[in-house]
Amino acid sequence: MARPSYPRAGEPRPAALPPGERTVGQLVAESMRFYGERFVRCLAIGISPAALAVVTAHISRTLGLILAPTLYGALLSVSFVLASVLVHDVRPARRRLVAAWLAGWLVFVPVPFLVLGFVLPALAWLAALGLVVPVLVVEELPVRRAFARAWALARADYVHALGSLATLVIVFFLTRVVMGFLLREQADTAIRVAVFLADLVVSPLLFLGAALLYFDQAARVRSSPAT
């Protein structure tokens, strides 16, 4: 039986595939690499999710359902816009940023209610239209055409888009649970502080990966026979 071979220490890692051929696992790995290289700048993305996690722990379920599509949606959309700006290294006009923020907020509105049944419908919805945020950050399109463009990007390889978002969510929640446990045990801090720190550090990966997904889907659109 042949013995498995492993790369030797010091050997360069295999070259990453181009976005049009990138797998779900490679998208997650690229998101981690990007985050690690710009850790301090990317931490700002996690401020809103971290603050909302602390707030959620101290409010009723009914109030949470009211705030989720309103305040939560608005703040999480800010994080996605910031992630898109960092990933694509662009400086769009303020009106473009506002349009991207509002569009992201609008897309997020039904998500808290879709999650009530099961998380998959929410992810399916975000995979279909969530890329409207990086579209508006990167491309000079009116809002209505940006939604059509986001849907076209999703249809280019919907399985890849949905699988990428699902994997990012799984990685986020698993890492969040582990980090929250370690912070609580080792630092002996209050639970709400541990939750805040865990979300502050981990949540940027979720938004960065979603922003990087734009590259994958755009490359698949360009390489499709219809184009």
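One is the number of the first residue; the rest follow in order along the sequence.
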Within-4.5 Å side-chain heavy-atom neighbours: [X] and [Y]:
X	Y	value
W101	L82	no
D157	Q217	yes
L205	T175	no
Y214	V135	yes
L106	L102	no
F113	P69	yes
H160	V24	yes
Y35	L86	no

Taking the six-membered ring of F34, is the NZ or CZ of R38 close enough (under 6.0 Å from the centre) and on axis enough (within 45°)?
yes

Considering all heavy atoms of both residues, which atom of [X] and which atom of [Y] are nearest to each other, and what is their separation?
X	Y	answer
A154	A128	CB-O, 3.6 Å
W125	V107	NE1-O, 2.7 Å
L67	I59	CD1-CD1, 3.9 Å
A210	L165	CB-CD2, 4.1 Å
F108	A68	CE2-O, 3.3 Å
G104	V133	CA-CG2, 3.5 Å

For the [atom1] atom of [X] and the [atom2] atom of [Y], what is their distance to the nearest 0.5 Å?
X	Y	atom1	atom2	answer
L213	R22	CG	CZ	9.0 Å
I45	F207	CD1	CZ	8.0 Å
L208	E30	CG	CD	11.0 Å
S84	L212	OG	CG	9.5 Å
S164	L123	OG	CG	11.0 Å
D199	S48	CG	OG	11.5 Å

Counting distance only, does the side-chain N/O of [X] pair as donor-acceptor with the main-chain N or O of [Y] below 3.5 Å?
X	Y	answer
R220	L153	no
W105	T70	yes
R96	L141	yes
R91	V85	no

I'd like to know whether E140 forms a salt bridge (Lys or Arg N to Asp or Glu O under 4.0 Å) with R149, so could you lay out the CA-CA distance, the side-chain angles of the two residues, the decisive distance to 0.1 Å, and finally the verdict.
CA-CA 11 Å; E140 286 288 341; R149 169 67 169 165; over 6 Å; no

Tell me whether [X] shares a hydrophobic cluster with [Y], the cluster being built from Ile, Leu, Val, Met, Phe, Trp, Tyr side chains joined at under 4.5 Å.
X	Y	result
F172	I170	no
V109	L65	no
L168	L174	no
I66	L76	no

Please determine which of V98, L136, V138, L97 meets the side-chain contact (heavy atoms from CB on, under 4.5 Å) test together with P92.
L97

Ring pair (Phe, Tyr, Trp, His ring centres under 6.0 Å) with F80: which residues, sequence neighbours excluded?
none

Distance-only donor-acceptor hits, side chain of residues 49-56, under 3.5 Å, sequence neighbours excluded:
residue: T56; atom: OG1; partner: L52; partner atom: O; Å: 2.7
residue: T56; atom: OG1; partner: Y72; partner atom: OH; Å: 2.7

With a cut-off of 6.0 Å (strictly less than), are more than 12 heavy atoms of other residues, nucleotides or ligands near CZ of F173?
no

